[in-house]
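Here is the structure we will look at.
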Amino acid sequence: MRILITNDDGINSDGIVRLARAAREFGEVWVVAPESQRSAASHSITLHDTIDIYPCDDFPIENVQAFYCSGTPGDCVRVGGLNVMPSKPDLVLSGINYGYNVASDIQYSATCGAAFEAAFQGYHAIALSEGACECHEVTDKYVKQVLEELINTNLAPGMIHNVNFPGCPLSECKGILYDRKISRGMFFRDTYDVVEKLDNQGVRYMVKGHYNEENEPDTDFRAITDKYVSVGIVNNIGY
């Protein structure tokens, strides 16, 4: 199996290294990731600027072909699968993202956006995210098991698997829940604070997120707040 890995946290993120290490057991691994942070870029691609690709000679996993890209995660999937790799990938993995991608956050997520682009290109795609903390015990315990379960599971056109690992100690994790629906809730209810008054009556604002855990049963949001690994299917726009 030929596997393409990307993310939205950048080529130097810990999550993409850990994902590449796990993916090596399933096939030939290629990494094409943004050169720097691209969170909340959604499914955007570059149309009016060039895209630069460079080899990443110091990627820390052996036998992985790694490159970094000036564009978005969506660009990484497009250029990676169409130009960088010798042939199209059988599987695209996006992640492991630092921070959950569940509920309404999915529409902003460039981790999921890259997976949606992969599905649009006809590749089997899995997005993977974990809690924004330094505890990776649950992810590192279950990531290979989840991949083994999903890589041979057929998806309808335009669909992706979306996986979220709770950011808790392994001793607190209750297991894996599959077939989670997408919550209609949101992790953060945002407001905007005024940070500066500008010339010509301008105003500069900064977003402020207010943490929220209200969610519905049987959803991705509920699963991770209850400390389960959440696995679900999300459909791309138009499908």
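All heavy atoms count here, side chains included; hydrogens, waters and symmetry mates do not. None of these values were measured; they are calculated from a predicted model. Residue indices begin at 1 and follow the sequence shown.
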**Request:** Check the angle between the aromatic planes of Tyr211 and Phe188 and answer parallel, tilted or perpendicular using the 30° and 60° thresholds.
**Result:** perpendicular
**Request:** On the 0 to 90° scale, with breaks at 30° and 60°, tag the His43-Phe116 ring pair as parallel, tilted or perpendicular.
**Result:** parallel
Would you indicate whether the side-chain heavy atoms of [Y] and [X] approach each other to under 4.5 Å?
{"X": "Val231", "Y": "Arg180", "value": "no"}
{"X": "Val229", "Y": "Leu177", "value": "no"}
{"X": "Phe59", "Y": "Phe67", "value": "no"}
{"X": "Cys168", "Y": "Val138", "value": "yes"}
{"X": "Asp9", "Y": "Gln37", "value": "yes"}

Return yes if a side-chain donor-acceptor contact under 3.5 Å exists between [X] and [Y], otherwise no.
{"X": "Ser183", "Y": "Glu216", "result": "yes"}
{"X": "Ser70", "Y": "Glu35", "result": "no"}
{"X": "Thr191", "Y": "His210", "result": "yes"}
{"X": "Glu149", "Y": "Gln145", "result": "no"}
{"X": "Asp75", "Y": "Thr72", "result": "yes"}
{"X": "Thr225", "Y": "Asn215", "result": "yes"}
{"X": "Ser230", "Y": "Asn164", "result": "no"}

Group every Ile, Leu, Val, Met, Phe, Trp and Tyr by side-chain heavy-atom contacts under 4.5 Å, then state whether [X] and [Y] land in the same group.
{"X": "Leu150", "Y": "Ile5", "result": "yes"}
{"X": "Leu93", "Y": "Met1", "result": "yes"}
{"X": "Tyr178", "Y": "Val143", "result": "yes"}
{"X": "Val102", "Y": "Ile126", "result": "no"}
{"X": "Tyr100", "Y": "Tyr142", "result": "no"}

Between [X] and [Y] (side chain of the first, backbone of the second, donor and acceptor by atom type, cut-off under 3.5 Å), is there such a pair?
{"X": "Ser94", "Y": "Thr111", "answer": "yes"}
{"X": "Asn97", "Y": "Gly95", "answer": "no"}
{"X": "Asn200", "Y": "Gly202", "answer": "no"}
{"X": "Thr46", "Y": "Asp49", "answer": "no"}
{"X": "Glu117", "Y": "Gly74", "answer": "no"}
{"X": "Asp220", "Y": "Ala103", "answer": "yes"}
{"X": "Gln107", "Y": "Ser104", "answer": "yes"}
{"X": "Gln121", "Y": "Tyr123", "answer": "no"}

Any idea which heavy atoms bring [X] and [Y] closest together, and the distance?
{"X": "Ile16", "Y": "Ala33", "result": "CD1-CB, 3.6 Å"}
{"X": "Asn7", "Y": "Ile11", "result": "OD1-N, 4.4 Å"}
{"X": "Arg38", "Y": "Gly71", "result": "NE-O, 3.1 Å"}
{"X": "Ala114", "Y": "Thr6", "result": "CB-CG2, 3.7 Å"}
{"X": "Pro86", "Y": "Trp30", "result": "CD-CZ2, 3.3 Å"}
{"X": "Gly99", "Y": "Ser129", "result": "O-CB, 3.3 Å"}

**Message:** Looking at Asp179, I want to see if its CG is surrounded by more than 12 non-hydrogen atoms of other residues, nucleotides or ligands under 6.0 Å.
**Reply:** no
**Prompt:** For Glu62, does the CD atom have more than 12 heavy-atom neighbours from other residues, nucleotides or ligands under 6.0 Å away?
**Reply:** no
Spacing of [X] atom [atom1] and [Y] atom [atom2] [to the nearest 0.5 Å]:
{"X": "Leu198", "Y": "Arg204", "atom1": "CG", "atom2": "CZ", "value": "5.0 Å"}
{"X": "Arg2", "Y": "Gln65", "atom1": "CZ", "atom2": "CD", "value": "11.0 Å"}
{"X": "Ser42", "Y": "Asp8", "atom1": "OG", "atom2": "CG", "value": "10.5 Å"}

**Asked** Just one of Leu155, Ile151, Val146, Leu147 clears the side chain to side chain contact (heavy atoms under 4.5 Å, CB included) bar with His161, so which one?
**Response** Leu155
**Worked check of salt bridge (Lys or Arg N to Asp or Glu O under 4.0 Å) between Arg18 and Asp140** = CA-CA 8 Å; Arg18 289 161 45 230; Asp140 293 344; 3.1 Å; yes
